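These notes concern the structure reproduced below.
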Amino acid sequence: MDCYEIWCDLIDGRQDMAFCEAVDNYLGYLKARDLIERFRVRRRKFGFSPTDMPEFNVSMEFRDLTQMDAAFGRVAVRDAEIEALHVEVYSRVKNAKFALFRDFPDPVRERPSPTTEPFPPGTL
C-alpha cells in the first residue's frame with residue numbers, strides 16, 4: 001500500500017464535525033470510483049504530539065502509485081462535481097503538511113531469505 005498522509009489544523013475548530021463530513025464526502029466519492037482503497041481521519045488525543053504537529057491527520061491508502069495517479073488525475077480536472085467536494089475540505093484547513101509513505105517491506109523490496117547473508121563476505 002502507498003499511504004498519502006495529510007496533517008492539518010482547522011481554521012475554525014468548532015467546525016470539526018463538518019470537516020469530517022466533508023472529508024467523508026470527498027474521499028468517499030473517490031472510493032466509490034475505485035480511486036482509493038480506504039481512508040480515515042484521526043485527531044490528536046490529549047495534546048500528545050510534537051509541538052509542530054497539526055491536530056488532524058487524514059490518511060489515504062492506495063493499492064499502488066497507478067491508483068493514486070488516477071485519483072490525482074480525477075481531482076486535477078477540477079470540474080464542478082469534484083471541485084465542490086474538494087473545496088469543502090481545503091477551505092476548512094490551515095497549516096497543512098503532506099507525506100507519502102509505503103508499507104515496508106513491500107513487493108518492490110525483496111526480503112533476504114533467512115539463510116542468505118545480507119552482504120557477501122568481504123563487501124563491507
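Basis for what follows: all heavy atoms, side chains included, without hydrogens, waters or symmetry-related copies. What you see is a predicted model, and the numbers here were worked out from it, not measured in a lab. Residues take their numbers from the sequence shown, with the count starting at 1.
- With hydrogens and angles disregarded, no donor-acceptor distance shorter than 3.5 Å links the side chain of Lys97 to the backbone of Cys8.
- Arg42 and Glu5 are joined by a salt bridge, as a carboxylate oxygen and a charged side-chain nitrogen come within less than 4.0 angstrom of each other.
- For the atom pair CD of Glu83 and OH of Tyr26, the computed distance is 8.0 Å after rounding to the nearest 0.5 Å.
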Exercise for review: Take Leu35 and Val75 through the side-chain contact (heavy atoms from CB on, under 4.5 Å) test and state the conclusion after the steps.
Suggested key: CA-CA 10 Å; Leu35 296 171; Val75 172; over 6 Å; no
Review point. Do Met60 and Met68 pass the side-chain contact (heavy atoms from CB on, under 4.5 Å) test, and can you show the C-alpha distance, the side-chain angles, and the key distance before you say yes or no?
Key: CA-CA 9 Å; Met60 296 167 267; Met68 187 172 137; over 6 Å; no
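- The hydrophobic clustering, which links ILVMFWY residues whose side-chain heavy atoms are closer than 4.5 Å, places Met53 and Ile11 apart.
- To the nearest 0.5 angstrom, Arg43 atom CZ is 4.0 Å from Glu55 atom CD.
- Looking only at side-chain heavy atoms (C-beta outward), Phe39 and Val58 stay at 4.5 Å or farther from each other.
- To the nearest 0.5 angstrom, Glu37 atom CD is 8.5 Å from Glu61 atom CD.
- In the hydrophobic clustering of ILVMFWY residues, with side-chain heavy atoms under 4.5 Å counting as a link, Met1 and Leu65 come out apart.
- Around atom CZ of Arg33, more than 12 heavy atoms belonging to other residues, nucleotides or ligands sit under 6.0 Å away.
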Check your understanding: Yes or no on side-chain contact (heavy atoms from CB on, under 4.5 Å) for Leu27 and Val89, after CA distance, side-chain angles and deciding distance?
Key -> CA-CA 10 Å; Leu27 298 181; Val89 175; over 6 Å; no
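- A salt bridge is defined here as a Lys NZ or Arg NE, NH1 or NH2 lying under 4.0 Å from an Asp or Glu carboxylate O, and Asp9 with Arg44 fails to meet this definition.
- Both Leu100 and Val41 are part of a single hydrophobic cluster, where members link through side-chain heavy atoms under 4.5 Å apart.
- Under the 3.5 Å distance criterion, the side-chain polar atoms of Arg92 are matched with a main-chain donor or acceptor of Glu88.
- The environment of Glu21 atom CD is sparse: at most 12 non-hydrogen atoms of other residues, nucleotides or ligands sit within 6.0 angstrom.
- Residue Arg40 places its CZ atom among 12 or fewer non-hydrogen atoms of other residues, nucleotides or ligands, all under 6.0 Å distant.
- Judged by distance alone, the side chain of Asp103 and the main-chain N or O of Asp106 form no donor-acceptor pair under 3.5 Å.
- In this structure, Asp2 CG and Gln67 CD are separated by 9.5 Å, a value rounded to the nearest 0.5 Å.
- To the nearest 0.5 Å, the span separating OH on Tyr90 from CG on Leu85 amounts to 11.5 Å.
- Here Tyr4 and Phe62 keep their ring centres 6.0 angstrom or further from each other.
- With rounding to the nearest 0.5 Å, the separation of CD1 in Ile6 from OG in Ser59 is 9.5 Å.
- Counting all heavy atoms, side chain and backbone alike, Trp7 lies closest to Phe98 at CZ3-C, 4.4 Å.
- With Arg74 as reference, Asp79 is the one residue of Asp79, Asp69, Ile36 to meet the side-chain contact (heavy atoms from CB on, under 4.5 Å) rule.
- A distance-only check finds no donor-acceptor pair linking the side chain of Asn25 to the backbone of Gly28 [under 3.5 Å].
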